[in-house]
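Here the structure is laid out as structure tokens; the discussion comes afterwards.
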Amino acid sequence: CKIKKRVFAAVSSARRLRHWIRSEGLIRLLERHLSGDWGDTCESDARANEEALRSGNRIISWYQVSKELRIMIITEADRSATTILLPGEY
């Protein structure tokens with residue numbers, strides 16, 4: 001794993017998000033994020049994520065799930081939490 005799972009204290013997900021995607025889909029996206037697959041993140045942000053793995057900064061991934069649904073996953077710099085959000089919730 002690119003991001004060490006053992007350092008996560010919490011994983012949270014907005015209730016509204018569960019209306020749009022099943023839990024299994026959220027788990028798959030989370031697994032992608034944890035493994036260093038930044039999804040549909042732009043190239044410069046993907047490079048920033050790679051640097052964040054070394055420097056300990058926040059990591060942000062984007063996943064275009066459907067034409068209408070884009071999901072953001074953020075891991076805090078201290079690796080204390082990873083949050084799954086809709087874009088308007090950030």
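In this chain, residues are counted from 1 in sequence order.
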Ignoring hydrogens and geometry beyond distance, is a side-chain donor-acceptor pair present between Ser80 and Asp78 at under 3.5 Å? yes
Is the shortest heavy-atom distance from the side chain of Trp62 to the side chain of Cys42 under 4.5 Å? no
Under the salt bridge (Lys or Arg N to Asp or Glu O under 4.0 Å) rule, collect the residues that match up with Arg70, sequence neighbours excluded. none
side-chain hydrogen bond (donor to acceptor under 3.5 Å, both in side chains) partners of Asn57, counting only residues at least two apart: Ser55
From Ile84 atom CD1 to Leu26 atom CG, the distance as rounded to the nearest 0.5 Å: 5.0 Å
Take atom CD in Glu43; do more than 12 heavy atoms of anything else shown fall under 6.0 Å from it? no
Contact between Asp37 and Glu31 at the side-chain level, heavy atoms closer than 4.5 Å - yes or no? no
With a 4.5 Å cut-off on side-chain heavy atoms, are Ile73 and Leu29 touching? yes
Please enumerate all residues that pass side chain to side chain contact (heavy atoms under 4.5 Å, CB included) together with Leu69, with sequence neighbours excluded. Trp20, Ile21, Val65, Ser66, Ile71, Leu86
Sequence neighbours excluded, the answer for salt bridge (Lys or Arg N to Asp or Glu O under 4.0 Å) partners of Glu68 is none
Non-hydrogen side-chain atoms of Arg58 and Thr75 separated by less than 4.5 Å: no
Can you find a heavy atom in the side chain of Arg32 that is under 4.5 Å from one in the side chain of Trp38? no
The criterion is salt bridge (Lys or Arg N to Asp or Glu O under 4.0 Å); which residues satisfy it with Arg28, sequence neighbours excluded? none
Check whether any side-chain heavy atom of Thr82 lies under 4.5 Å from a side-chain heavy atom of Ile74, and answer yes or no. no
Going by salt bridge (Lys or Arg N to Asp or Glu O under 4.0 Å), name the residues that satisfy it together with Glu51, two or more places apart in sequence or in a different chain. Arg54
